[in-house]
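What follows is a set of notes on a single structure, which appears directly below.
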Amino acid sequence: MDNSSQPDSPTGTPSPANPTSDTPHRGVRRRSFLAGAAAAAGAAAVGVVRPGSAAAAKRHPLPAADSSRLRVLVTGDAGTGEKPQYAVTAAARRLHAADPFDIAVGLGDNIYEAGPQGPDDVQFRTKFEKPNAGLDFPWLMALGNHDNTAIFPGDGGWLLRGDAEVAYHRRSRRWYMPARYYSVSLGVADFFVIDVNPLAAYIPPFLSPEWEPGGHYMTRQARWLDRGLAASTAPWKFVCTHHPYANNGPHGPAGDFDGLPDPLSGKPLKDFIERHVAGRAQFLLSGHDHSQQVLGTVAGLKGTRQIVSGAAAKTVNKPSSKRFPAKYENLRDRGFMTLDIDASSVRLEAHEVAADRTGSTAAFTTVFRR
């Protein structure tokens, strides 16, 4: 039984210019970029796997839709293919060997620095499959700004580039991204993986009525998310996205991203989270900032807890802004988080992977209760 939900508006997949290149894309013709963004950029259900298909039969199966317990690995900003990423996944494998994970959540920037050049790009192997060898369970993947690069790495300006990652869903046993945004119902918890890149791109999509804030794509996504969160009967609801609402790291919070003026500040993203996520899910899991943070109460989130886990390959090594109260934050070390979920509680543990030693340290643990 398929216990996932995807949007029902199909779209095309970009044609790879060089499907086996490991070289980041450095540029795109402006006319091609605008035409592609304005074309069928709807809520991409590219690569949706139906029960009984050949691809579905080979995939690591999702946990049962009536699971009473889940163990989750949470990583973000991982896809470099370099030694720090391998150090983090080696530490995660040690934990998996002792107490197996059921799923992982990948919070975007999956293919640095400029995203894939099609679903057959070798970067999926070098920056995802090889580093995660042995972590053999479904990885619920979100799209990040680097995954949608147009001109300079991480600009988020070529949104159709992300469709290559959706299409890769059919080629991988681990990689789970049946659409640009989707939900997975796993009994004790429902996960809503959303795509807010159109609201936070450094090259805003204002020339496309499909992608622009308030355009067709985000309007459909908002309706889908509202319906899904309202209908969910799971004890715990997690909304997973690349960009955080609240953040003490150098990227800053939505509405003030990187200290940039509007329209580059992420104000539309701030408004979207406040309208469609705040107070409707218990957790907002984000990456983007290369740090780990478990924030306290944030007024605009109406009780939804902001968690940032974006240090799976990079770190900022800068001081915290202290803008939001934090139960835990580390802007120095690489790392990941784990969630142990049952009907009454979520146990979160933050693991640090320091550059000068092997393995990981369980640096922080907290339990959230209903």
Side-chain angles (χ1 to χ4, degrees), residues 13-28 46-47 55 58-60 73-94 96 101 103-156 158 160-178 180 197 242 287-288 290 309-315 334-336 353 355 358 360:
T13 304
S15 298
N18 184 357
T20 60
S21 172
D22 194 29
T23 303
H25 180 78
R26 296 298 181 187
V28 61
V46 178
K58 297 176 182 178
R59 185 179 315 283
H60 294 301
L73 171 65
V74 182
T75 74
D77 301 73
T80 65
E82 297 174 353
K83 287 184 179 180
Q85 181 185 7
Y86 277 86
V88 168
T89 58
R93 271 191 295 275
R94 292 186 183 95
H96 181 54
F101 294 109
I103 60 170
V105 174
L107 295 169
D109 284 358
N110 309 310
I111 305 293
Y112 278 110
E113 290 289 328
Q117 296 190 41
D120 297 310
D121 195 323
V122 71
Q123 293 183 97
F124 285 111
R125 178 172 61 83
T126 59
K127 298 178 180 180
F128 178 76
E129 301 293 352
K130 287 181 67 177
N132 294 313
L135 297 172
D136 297 330
F137 39 79
W139 287 64
L140 310 186
M141 306 299 287
L143 287 167
N145 54 300
H146 281 266
D147 303 311
N148 291 280
T149 291
I151 298 170
F152 59 88
D155 61 29
W158 190 11
L160 279 180
R161 190 193 261 309
D163 283 6
E165 298 194 9
V166 176
Y168 187 66
H169 173 89
R170 297 186 67 87
R171 291 159 166 79
S172 173
R173 297 191 69 194
R174 296 184 187 89
W175 184 284
Y176 193 93
M177 188 189 285
R180 296 183 68 100
N197 285 283
H242 181 63
H288 193 49
H290 300 157
S309 183
K314 301 186 177 189
T315 184
R334 294 170 185 86
F336 57 92
V353 180
T358 59
S360 63

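Each of H242, R180, R161 was checked for a side chain to side chain donor-acceptor pair (under 3.5 Å) with N148, and the lone residue meeting it is R180.
How far CG of D155 is from CG of N145: 8.5 Å, rounded to the nearest 0.5 Å. If you take OG on S172 and NE2 on H60, they are separated by 7.5 Å, rounding to the nearest 0.5 Å. We find the CD-CG distance between E165 and N110 to be 4.5 Å, quoted to the nearest 0.5 Å. Going from atom CG of L143 over to atom CD1 of I111 covers 11.0 Å, rounded to the nearest 0.5 Å. To the nearest 0.5 angstrom, K58 atom NZ is 11.0 Å from R170 atom CZ. Atom CG of N197 sits about 15.0 Å away from atom CH2 of W158, to the nearest 0.5 Å.
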Acceptor/donor pairs from residues 130-138 side chains to any protein atom, 3.5 angstrom cut, sequence neighbours excluded:
| residue | atom | partner | partner atom | Å |
| --- | --- | --- | --- | --- |
| N132 | ND2 | F128 | O | 2.9 |
| D136 | OD1 | R174 | NE | 3.3 |
| D136 | OD1 | R174 | NH2 | 2.9 |

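Not a single donor-acceptor pair under 3.5 Å links the side chain of D77 to the backbone N or O of A311.
When the side-chain contact (heavy atoms from CB on, under 4.5 Å) test is applied to T80, the partners found at least two apart in sequence or on another chain are E82, Q85, Y112, A313, K314. A search for side-chain hydrogen bond (donor to acceptor under 3.5 Å, both in side chains) contacts involving H146 returns nothing, not counting sequence neighbours.
For A91 against V353, the heavy-atom pair with the smallest separation is CB-CG2, 4.1 Å. Nearest approach of T126 to Y86, heavy atoms of both residues: O-OH, 4.3 Å.
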Practice task
List the steps and the verdict of side-chain contact (heavy atoms from CB on, under 4.5 Å) for F336 and T89.
Solution key: CA-CA 9 Å; F336 57 92; T89 58; over 6 Å; no

Handout entry: Trace of the side-chain contact (heavy atoms from CB on, under 4.5 Å) decision for H169 with R59
Key = CA-CA 9 Å; H169 173 89; R59 185 179 315 283; 3.4 Å; yes

Handout entry: side-chain contact (heavy atoms from CB on, under 4.5 Å) between D121 and Y168, intermediate numbers included
Key = CA-CA 9 Å; D121 195 323; Y168 187 66; over 6 Å; no

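Between E113 and T149 there is no side-chain heavy-atom pair separated by less than 4.5 Å.
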